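Just so you know, ligand 1 is whichever comes first in the structure, and atom 1 is the first atom listed for that ligand. Computed from a prediction, not measured in an experiment: that's the story for all the values here.
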Amino acid sequence: VTSLGGPTAVGAASPSDERIESVLASVRARGGRVTTARRLLLSVLFRGDTHRTAEDLASEVQAIAPDVHLSTIYRNLDELEQLGVVVHAHLGHGPATYHLGSDTHGHLVCETCGSMTEAPADFFDALASNARAHHGFAIDHRHFAVLGQCQACQRVDGPPITGA
Ligand SMILES: [Zn+2]
Ligand SMILES: [Zn+2]
Ligand SMILES: [Zn+2]
């Protein structure tokens, strides 16, 4: 449903609005305050791409509300992580990226070209059961990427030359 006319689509409830309201309800249930920054951060999280850093998310929020500070975004991301709404993942060097908590895939990252392949959660089942059986260890495949080399970068003639 597209809304025609009117300055904004106020009042037109979309699926992401419902998710935002349900998260805000759990924030309230835990005694948290529903702030403008928190609501904006949630709307940015629910509609954009996955794999965004806190700084990416902050600049999207700041495009709407320039006075929201990066530290506020970090604090809100921490709280949303405690609620299970988001999780962060380290895809290699550099800052963590954020996903919705409902998204359970893992990551295979090429150390040569930096390409990233999303791996379904069950991809890690054999590793998880070995770790549990032999070490009593519960792995969290969402937190860190598995690093290595993609198929293209393993070719005998070396990785594709990309200038430089
Ligand atoms: Zn991912
Ligand atoms: Zn590669
Ligand atoms: Zn971490």
- Task: Show your working on side-chain contact (heavy atoms from CB on, under 4.5 Å) between Leu80 and Leu45 and close with a plain yes or no.
- Result: CA-CA 11 Å; Leu80 292 173; Leu45 273 168; 3.9 Å; yes

- Which N/O/S atom belongs to His99 and is the closest one to the Zn ion (ligand 1)? NE2

- With the Zn ion (ligand 2) at the centre, find the angle made by SG from Cys153 and SG from Cys110, to 10°. 110°

- For His107 and Phe124, work out which heavy atoms get closest and say how close. N-CZ, 4.3 Å

- Would you name the N/O/S atom of His51 that lies closest to the Zn ion (ligand 1)? NE2

- Message: Are His51 and His105 an aromatic pair, judged by ring center distance below 6.0 Å?
- Response: yes

- Query: Has Glu21 got more than 12 heavy atoms of other residues, nucleotides or ligands less than 6.0 Å from its CD?
  - Reply: yes

- Message: Please determine whether a side-chain nitrogen of the Lys or Arg among Glu60 and Arg52 lies less than 4.0 Å from a carboxylate oxygen of the Asp or Glu.
- Response: yes

- Between Val27 and Glu79, is a side-chain contact (heavy atoms from CB on, under 4.5 Å) present by the stated rule, with each step listed? CA-CA 9 Å; Val27 168; Glu79 288 171 10; 5.9 Å; no

- Message: Under the criterion side-chain hydrogen bond (donor to acceptor under 3.5 Å, both in side chains), I'd like the reasoning laid out for His88 against His99: C-alpha separation, chi angles, the key distance, then a yes or no.
- Response: CA-CA 6 Å; His88 72 266; His99 286 90; over 6 Å; no

- Task: Step through the shown structure and confirm whether more than 12 heavy atoms of other residues, nucleotides or ligands are within 6.0 Å of CZ on Phe46.
- Result: yes

- Note on the structure: The N/O/S atom of His105 lying closest to the Zn ion (ligand 1) is NE2

- Item | Sphere of radius 2.8 Å around the Zn ion (ligand 3) - protein N, O or S atoms inside | His88 NE2, His90 NE2, His143 NE2

